[in-house]
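These notes concern the structure reproduced below.
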Amino acid sequence: PGAAASAMNCRAEVLEVSVEGRQVEEAILAVLHTVLLHRSTGKFHYKKEGTYSIGTVGTQDVDCDFIDFAYVRVSSEELDRALRKAVGEFKDALRSSGSDGMGQISLEFYQKKKSRWPFSDECIPWELWTIKVNVVNLANEQERQICREKVGEKLCEKIINIVEVMNRHEYLPKMPTQSEVDNVFDTSLKDVQPYLYKISYQITDSLGTSVTTTMRRLIKDTLAL
Amino acid sequence: AMDSDLSSQDRKDLDKFIKFFALKTVQVIVQARLGEKICTRSSSSPTGSDWFNLAIKDIPEVTHEAKKALAGQLPAVGHSMCVEISLKTSEGDSMELEIWCLEMNEKCDKEIKVSYTVYNRLSLLLKSLLAITRVTPAYRLSRKQGHEYVILYRIYFGEVQLSGLGEGFQTVRVGTVGTPVGTITLSCAYRINLAFMSTRQFERTPPILGIIIDHFVDRPYPSSSPMHPCNYRAGEDNGAVYPSVEDSQEACTTSFSTSPPSQCVFTVTKAHFQTPSPVVTDTLKVPVMGLAFSHQLSSSRLSCQPATLAVGSADMGYPVLFAGGLNAAHPHQLIGPGKEGGVPPMTSQPAHGTQADQERMCTPLDGVHYSAATPSSEDTETISNSSEGKCGSPHDFLEAICVRKVGAFVNKPINQVTMANLDIPFAMFAPKNVELEDTNPMVNPPDSPETESPLQGSLHSECSSDSSTGNTHDDFVMIDFKPAFSKDDILPMDLGTFYREFQNPPQLSSLSIDIGAQSMAEDLDSLPEKLAVHEKNVKEFDAFVETLQ
């Protein structure tokens with residue numbers, strides 16, 4: 001997906017984290033939620049004459065249990081659940097792969113382009129975030145304590161990096177008409193509206209090649225075709 | 001000429017956006033330093049009152065302060081809006097931690113659509129601000145505030161003043177938004193030389209000896225309801241009523257048009273919206289001391305507790321000298337003292353006021369904390385000047401502290417009281433002065449002679465056994481003891497006297513090393529003799545044993 005993304009002129013960012021096993025989920029969620037905070041709007045309500053109004057996005061603080069770190073996420077239980085599910089699958093795959101504990105999880109924002117029958121709709125990515133995860137094993141409690149702090153500091157840097165990218169105000173899909181909105185946004189959630197996204201991951205074996213590529217589509221309607 | 005491309009409607013909208021962006025920026029920053037987790041709900045139906053499509057509550061007092069600072073102006077070139085975040089200890093020392101700057105530069109983007117792109121980008125910038133406010137060092141400090149220190153904010157308008165942040169401060173950019181009249185930039189400059197160490201100190205360093213003043217020392221009833229939930233509306237109860245933000249003209253309903261895609265319709269309606277005043281509950285957390293004594297001393301005004309704010313870490317080679325120790329600002333009291341007895345009310349205007357020259361507490365604490373601790377001598381200069389070395393009369397200031405700390409129960413003169421370095425305003429952040437304690441007879445008493453006096457001997461006895469760290473070096477020293485619930489006149493010997501007499505019983509002679517060693521040697525020497533005697537009497541022993549069977 002990386003190669004395809006750059007060919008399509010999609011912006012790609014890579015973040016790397018080295019964490020202890022129990023920190024994997026929190027670290028990834030912190031990054032994903034921070035990105036989605038910037039890539040979600042309120043629900044659109046289309047009115048006549050082509051105007052629309054936008055709902056309100058609430059936010060909330062999340063404290064990490066295994067990392068000295070806190071982040072802000074969008075107040076949407078549905079979105080949180082969806083992310084946790086994906087991250088949980090990634091973590092399980094990491095654990096069961098028997099690899100050295102290396103893998104990457106990607107968050108891709110895309111637009112749908114309708115094609116005529118018999119061709120299926122195209123998904124055109126416009127932004128790709130890849131988190132490379134390296135799981136470390138620590139020997140004692142003192143090391144774990146240091147790791148809590150260090151990973152917390154590293155995540156602070158990641159948040160600053162993400163915000164920097166967001167601030168570039170580079171390509172964003174045009175605001176869609178009512179008929180086009182599902183090609184740009186995920187309108188399935190009841191309280192917020194993120195841009196269409198999908199999460200996928202790869203586990204790297206000790207030779208550095210990816211042995212498992214799993215695509216998980218979190219958008220229901222894209223499976224129809 | 002610059003504005004000729006901008007329609008008057010666009011100009012009006014833009015000004016309004018910038019104004020509310022500034023107000024929301026202040027809310028986000030202050031709320032992020034309250035010490036609590038913030039949570040707002042998403043709402044799929046627009047309520048018409050949520051600027052930038054984000055649910056950000058408006059604390060009325062904060063909006064009031066921001067409007068006062070702006071005084072009807074907008075951030076422009078050379079006129080920035082700054083939110084200063086500082087830390088103030090229970091002893092009255094304060095230190096700047098961060099300056100958040102909302103600035104405007106001259107780079108204009110004429111092509112940009114005001115009512116659409118600028119608005120959405122401002123919304124994005126606020127989201128970035130939400131994220132960034134959690135990753136600077138002051139966030140973690142603010143989550144731990146309460147007993148030893150609080151976090152304060154101050155808003156000012158004009159030139160940015162960063163000199164109070166100490167050397168080597170770092171900056172982080174939150175973001176920029178181009179507009180037809182200039183580019184809005186939002187950034188944060190933050191102190192690094194203390195904040196980093198402090199977050200570690202609070203968690204891991206063993207407690208040092210320190211005397212924490214009960215915050216309510218001036219109150220006649222110190223033990224009655226020391227904490228109560230705080231409410232930002234308390235200002236109204238006190239007589240000062242803050243005008244509600246929701247003037248009808250301030251409402252905004254955003255409506256966007258997508259047909260044709262390039263056109264946007266933005267309508268502002270005069271809707272009445274209600275921003276509920278948030279009820280912020282008290283977040284004072286009494287640090288868990290793990291000592292039995294902290295309860296017994298609750299009736300006294302002096303609390304002898306090891307300070308969890310510690311130093312003692314070998315990493316710090318030098319005391320942190322604070323540059324801006326005596327700011328002119330008075331912390332503004334959110335809670336009027338009228339409900340409690342005997343507390344002198346704080347003046348809400350400093351004697352030398354410059355615009356917006358007041359500090360506001362970020363935490364909804366009982367405001368009486370600082371009425372006693374505020375130094376009487378004021379450094380009237382602004383932040384930039386107060387960075388020059390020491391401030392105003394440090395000795396008066398410290399004397400005030402010392403007198404207060406020594407209090408009613410200490411018989412020692414001031415200079416012998418065991419305390420972290422007296423010369424440093426941030427005593428609790430300074431490295432522990434080990435020599436001071438070692439030479440102090442109260443900490444390291446002379447070896448106990450082998451007499452029966454119960455009061456002789458180490459005072460460490462029971463204290464150290466309860467110490468949560470078991471670190472004998474940092475033992476707890478009791479200056480005086482007033483047990484709760486004991487009265488002097490009922491018994492000839494009251495509980496306190498009983499306690500004092502019997503808390504240090506003399507050692508059993510058989511356990512003292514010298515005597516023990518001596519007798520052991522004697523025992524060994526006399527063994528053969530004793531054995532011989534017993535062998536002689538073996539028949540008697542056998543007979544005795546038979547009677548037992």
Side-chain angles (χ1 to χ4, degrees), chain A residues 33-34 37-47 49-63 68-77 79 145 148-149 152-153 155-160 162-164 166-169 172 174-178 180-181 189-193, chain B residues 28 32 36-50 52-56 116-117 120-121 123-125 127-137 139-140 143 172-178 186 196 199-200 203-204 253-265 267:
Chain A
H33 269 302
T34 301
L37 169 67
H38 290 82
R39 293 286 180 249
S40 300
T41 75
K43 297 279 292 176
F44 282 12
H45 297 275
Y46 286 92
K47 304 189 271 235
E49 290 155 20
T51 61
Y52 64 95
S53 58
I54 307 180
T56 299
V57 172
T59 58
Q60 55 188 248
D61 279 307
V62 181
D63 286 341
D68 289 347
F69 185 72
Y71 61 92
V72 175
R73 70 165 172 92
V74 164
S75 287
S76 165
E77 294 313 308
L79 184 62
Q145 178 59 34
R148 279 185 70 101
E149 295 171 13
E153 288 163 24
L155 284 176
C156 289
E157 289 171 27
K158 304 303 166 199
I159 302 305
I160 294 175
I162 294 170
V163 164
E164 247 168 14
M166 298 299 179
N167 180 55
R168 289 184 208 150
H169 301 304
L172 280 180
K174 253 191 329 216
M175 283 300 140
T177 58
Q178 188 166 16
E180 294 277 306
V181 70
L189 303 170
K190 68 176 197 304
D191 43 14
V192 296
Q193 191 173 285
Chain B
V28 169
E36 311 166 342
K37 286 166 73 164
I38 305 294
C39 179
T40 59
R41 294 180 58 186
S42 301
S43 160
S44 78
S45 325
T47 58
S49 62
D50 293 318
F52 309 105
N53 308 118
L54 285 172
I56 299 172
Y116 172 70
T117 310
N120 286 332
R121 287 188 180 177
S123 175
L124 198 69
L125 188 52
K127 291 172 178 173
S128 295
L129 182 64
L130 281 163
I132 297 287
T133 44
R134 274 65 177 172
V135 305
T136 55
Y139 180 70
R140 301 200 61 218
R143 289 292 298 269
V172 60
R173 168 186 274 199
V174 183
T176 63
V177 173
L186 185 53
F196 172 69
T199 51
R200 287 182 167 207
E203 287 151 24
R204 292 192 294 140
T253 311
T254 57
S255 221
F256 296 88
S257 168
T258 54
S259 64
S262 57
Q263 269 185 21
C264 293
V265 171
T267 59

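Residue numbers start from 1 in every chain, and the chains themselves are labelled A, B, ... in the order their sequence lines are given, proteins ahead of strands. Keep in mind it's a predicted model, so treat the numbers as computed, not measured.
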Q: Name the orientation class of the two ring planes belonging to A:Tyr71 and A:His33 (parallel below 30°, tilted from 30 to 60°, perpendicular beyond 60°).
A: parallel

**Q.** Option that, when pairs with chain B are counted at under 4.5 Å, heavy atom only, ranks first among A:Leu37, A:Asp191, A:Val192, A:Thr59
**A.** A:Thr59

Q) Using non-hydrogen atoms only, which part of A:His169 is less than 4.5 Å away from chain B: side chain, backbone, both, or neither? A) both

Q: Quick one: which of A:His38, A:Glu164, A:Arg39, A:Lys190 has the most heavy-atom pairs under 4.5 Å with chain B, could you say?
A: A:His38

Q. Among B:Ile132, B:Thr117, B:Val177, B:Thr176, which residue forms the greatest number of heavy-atom pairs with chain A at distances under 4.5 Å?
A. B:Thr176

**Q.** Smallest separation among heavy atoms of A:Gly42 and A:Val57, with atom names
**A.** N-CG2, 3.4 Å

Q: Name all residues meeting the side-chain hydrogen bond (donor to acceptor under 3.5 Å, both in side chains) criterion together with B:Arg134; count only those two or more places apart in sequence or in a different chain, and write none if there are none.
A: A:Asp61

**Q.** Contacts of A:Glu157 that satisfy salt bridge (charged side-chain N to carboxylate O under 4.0 Å, His left out) - sequence neighbours left out
**A.** A:Lys154

(Q) Given 3.5 Å as the limit, does a donor-acceptor pair link the side chain of A:Ser75 with the main chain of B:Thr40, or not? (A) yes

Q | Pick from B:Gly178, B:Ser123, B:Ala55 with the largest number of heavy-atom pairs that fall under 4.5 Å of chain A | A | B:Ala55

